[in-house]
**Q** 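Take this structure first; my questions come after.
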Amino acid sequence: MSRERFWTRIWKHHTKLHLWEKCLVFDLFCICLVSGAVMSGVGHREELTQGVMTEAQAPQDGIVPENAKEEKKKVALTFDDGPHPQYTVEMMEGLKKKNVKATFFLLGEQVEKHPEIVKKIYEEGHVIGNHSYKHEQLSKLTMQKACEQVNRTNELIYDITGENPAYLRPPFGDWHEKLDCEANMVEVLWDVDTLDWSSQNHNEIVNKVLKNVKENDIILMHDGYETSVTAAMEIIDTLRERGYEFVTVDEILFD
């Protein structure tokens with residue numbers, strides 16, 4: 001049957017229908033048209049959405065998303081026996097240029113001599129710890145005298161910063177087992193001892209750290225020697241190249 005004859009028969013049949021039948025046929029025809037248009041639009045929209053999502057999820061010019069980057073290894077630089085009138089200042093200048101925060105364990109007698117440096121250490125965001133008053137071996141002192149060493153240094157630091165030190169590094173790492181001095185402080189020792197005070201040799205200090213350091217290590221240095229300052233700067237640069245970031249001791253101890 002030709003197409004023209006087909007539509008002719010449909011039309012003749014349509015003219016014989018009652019009015020209500022014609023309306024019903026027309027309604028069904030409209031519903032079919034609308035449904036077809038909606039389904040076609042939804043499919044097209046899904047294709048567009050998928051295309052946009054795929055493009056948005058794709059890396060841009062080789063940039064790796066932040067959450068996909070490897071987490072850096074933490075390490076803490078600590079400096080004992082300060083503040084020194086020259087080299088502590090130089091150390092802080094170097095740390096500031098490299099955007100590194102460190103922990104300074106201060107001697108009370110040095111705090112008394114150089115309060116302005118203590119204030120600067122605090123204001124620049126470094127952590128200040130207690131290293132006793134005179135660098136005496138606390139375990140060889142009476143309980144009372146050992147506590148005096150700690151408490152006096154705490155008071156001196158508080159008078160300058162308005163905060164009591166939370167961390168204590170006893171000289172020689174030697175501490176009374178039951179000595180608390182009512183200070184409720186956290187004892188902080190070390191993992192890598194540079195012996196910088198002994199060698200005062202730049203290369204030896206650097207090599208000591210690079211050969212022994214591991215993730216979450218605390219490095220012991222002193223801020224009273226020029227070679228310690230220069231070695232610290234090289235240590236920072238080299239360990240950063242190895243994927244380390246520098247933090248204060250609290251982030252090592254409690255994170």
Side-chain angles (χ1 to χ4, degrees), residues 75-92 95 101-115 117-118 121-122 126-161 163-201 204-205 208-209 212-213 217-229 231-232 235 248-250 252-253:
V75 67
L77 279 176
T78 65
F79 302 99
D80 288 7
D81 296 357
H84 187 278
Q86 177 179 349
Y87 297 121
T88 299
V89 175
E90 291 183 8
M91 187 72 76
M92 285 194 297
L95 294 175
K101 303 302 181 189
T103 306
F104 290 81
F105 290 96
L106 307 181
L107 290 173
E109 61 181 358
Q110 293 297 105
V111 171
E112 280 186 316
K113 294 176 183 177
H114 310 290
I117 300 178
V118 178
I121 294 172
Y122 176 78
H126 303 290
V127 170
I128 293 178
N130 187 323
H131 197 43
S132 82
Y133 183 79
K134 280 192 172 182
H135 206 282
E136 296 182 80
Q137 193 166 347
L138 299 180
S139 64
K140 293 185 177 181
L141 303 177
T142 65
M143 190 75 71
Q144 179 182 352
K145 289 190 176 296
C147 282
E148 287 176 357
Q149 289 264 338
V150 174
N151 290 336
R152 186 175 178 184
T153 302
N154 278 346
E155 291 169 1
L156 289 167
I157 293 172
Y158 179 84
D159 288 343
I160 297 169
T161 66
E163 292 185 11
N164 280 310
Y167 306 100
L168 170 69
R169 174 171 284 168
F172 312 103
D174 195 6
W175 180 243
H176 280 294
E177 289 184 5
K178 297 181 179 180
L179 182 62
D180 59 22
C181 302
E182 300 180 356
N184 193 29
M185 303 177 73
V186 177
E187 182 183 8
V188 180
L189 298 180
W190 55 86
D191 301 293
V192 179
D193 186 353
T194 62
L195 297 174
D196 55 343
W197 61 273
S198 176
S199 69
Q200 296 188 41
N201 181 289
E204 286 187 22
I205 298 167
K208 178 83 71 172
V209 173
N212 297 286
V213 72
D217 273 357
I218 296 175
I219 301 170
L220 169 59
M221 301 187 71
H222 297 77
D223 50 327
Y225 310 95
E226 182 179 5
T227 49
S228 296
V229 176
I235 288 168
T248 50
V249 294
D250 50 315
I252 296 289
L253 297 175

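Residue indices begin at 1 and follow the sequence shown.
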**Q** If I compare all heavy atoms of Ile205 with all of Ser199, which pair ends up nearest, and what's the gap?
**A**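 Heavy-atom minimum between the residues: CG1-OG, 3.8 Å.
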**Q** Looking at Thr194 and Leu220, would you say the former's side chain and the latter's main chain have a donor-acceptor pair under 3.5 Å?
**A**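 Checking the backbone N and O of Leu220 against the side chain of Thr194, a donor-acceptor pair under 3.5 Å is found.
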**Q** Closest heavy-atom contact between Ser228 and Met221?
**A** O-CE, 3.5 Å
**Q** Using side-chain heavy atoms (C-beta onward) and a distance below 4.5 Å, is Thr88 in contact with Gln110?
**A**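 Thr88 vs Gln110: side chains apart.
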**Q** Counting C-beta onward and ignoring hydrogens, is there a side-chain heavy-atom pair between Met92 and Ile117 closer than 4.5 Å?
**A**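 Contact flag for Met92/Ile117 side chains = yes.
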**Q** Rounded to the nearest 0.5 Å, how far apart are OG of Ser132 and CG of Asn151?
**A** 12.0 Å
**Q** State whether the side chain of Asn130 and the backbone N or O of Val150 hold a donor-acceptor pair below 3.5 Å, judged by distance alone.
**A**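 The answer is yes, because a donor-acceptor pair under 3.5 Å joins these two groups.
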**Q** Can you name the closest pair of heavy atoms from Val75 and Asp217 and give their distance?
**A**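 Smallest interatomic distance, heavy atoms only, reads CG2-O, 3.3 Å.
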**Q** Quick one: closest heavy-atom pair of His126 and Lys101, and the distance?
**A**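 Minimum heavy-atom separation between His126 and Lys101: ND1-CA, 3.6 Å.
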**Q** Is Asp196 close to Thr227 at the side-chain level, that is, under 4.5 Å between some pair of heavy atoms?
**A**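 A side-chain contact is absent here, since even the closest heavy-atom pair is not under 4.5 Å.
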**Q** When rounded to the nearest 0.5 angstrom, what is the spacing between CD in Glu204 and CG in Leu195?
**A**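 It comes to 9.5 Å.
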**Q** Kindly indicate whether the side chain of Val127, heavy atoms from C-beta on, has any atom under 4.5 Å from the side chain of Tyr167.
**A**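 Touching, per the 4.5 Å side-chain cut-off.
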**Q** Please say whether more than 12 non-hydrogen atoms of neighbouring residues, nucleotides or ligands are located less than 6.0 Å from CD in Glu226.
**A**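 Atom CD in Glu226 is not crowded, with 12 or fewer foreign heavy atoms closer than 6.0 Å.
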**Q** Quick one: CD1 on Ile219 to CH2 on Trp190, what's the gap to the nearest 0.5 Å?
**A** 14.0 Å
**Q** Of the options Thr78, Asp80, Ile252, which is the one that meets Thr103 in a side chain to side chain contact (heavy atoms under 4.5 Å, CB included)?
**A**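 Exactly one candidate clears the test, Thr78.
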**Q** Run the numbers on Trp197 and Asp81 for side chain to side chain contact (heavy atoms under 4.5 Å, CB included), then give the verdict.
**A** CA-CA 10 Å; Trp197 61 273; Asp81 296 357; over 6 Å; no
**Q** Can you give me the closest heavy-atom contact between Val118 and Pro83, atom names plus distance?
**A**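 Minimum heavy-atom separation between Val118 and Pro83: CG2-CG, 3.8 Å.
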**Q** Should Phe79 and Leu95 be marked as a side chain to side chain contact (heavy atoms under 4.5 Å, CB included) after you check the CA-CA gap, both sets of side-chain angles, and the distance that decides it?
**A** CA-CA 12 Å; Phe79 302 99; Leu95 294 175; 4.2 Å; yes
**Q** Under the side-chain hydrogen bond (donor to acceptor under 3.5 Å, both in side chains) test against Tyr133, which residue among Glu112, Glu109, Glu148 passes?
**A** Glu112
**Q** How long is the span from the CG atom in Leu253 to the OG1 atom in Thr248, to the nearest 0.5 Å?
**A**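 Leu253 CG to Thr248 OG1: 9.0 Å, rounded to 0.5 Å.
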**Q** Can you name the closest pair of heavy atoms from Pro170 and Leu168 and give their distance?
**A**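 Answer, listing the atom of Pro170 first, then Leu168: CD-O, 3.6 Å.
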**Q** Which residue in the set Lys145, Met143, Gln149 passes side chain to side chain contact (heavy atoms under 4.5 Å, CB included) when paired with Leu138?
**A**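 Looking at Lys145, Met143, Gln149, the match for Leu138 under the side chain to side chain contact (heavy atoms under 4.5 Å, CB included) is Gln149.
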**Q** Any side-chain heavy atom of Met91 within less than 4.5 Å of one from Leu77?
**A** no
**Q** Would you give the length of the straight line joining atom CG of Asp223 to atom CD1 of Ile121, rounded to the nearest 0.5 angstrom?
**A**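 Answer for the CG-CD1 pair, Asp223 versus Ile121, is 6.5 Å.
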**Q** More than 12 foreign heavy atoms under 6.0 Å from CZ of Phe172: is that the case here?
**A** yes
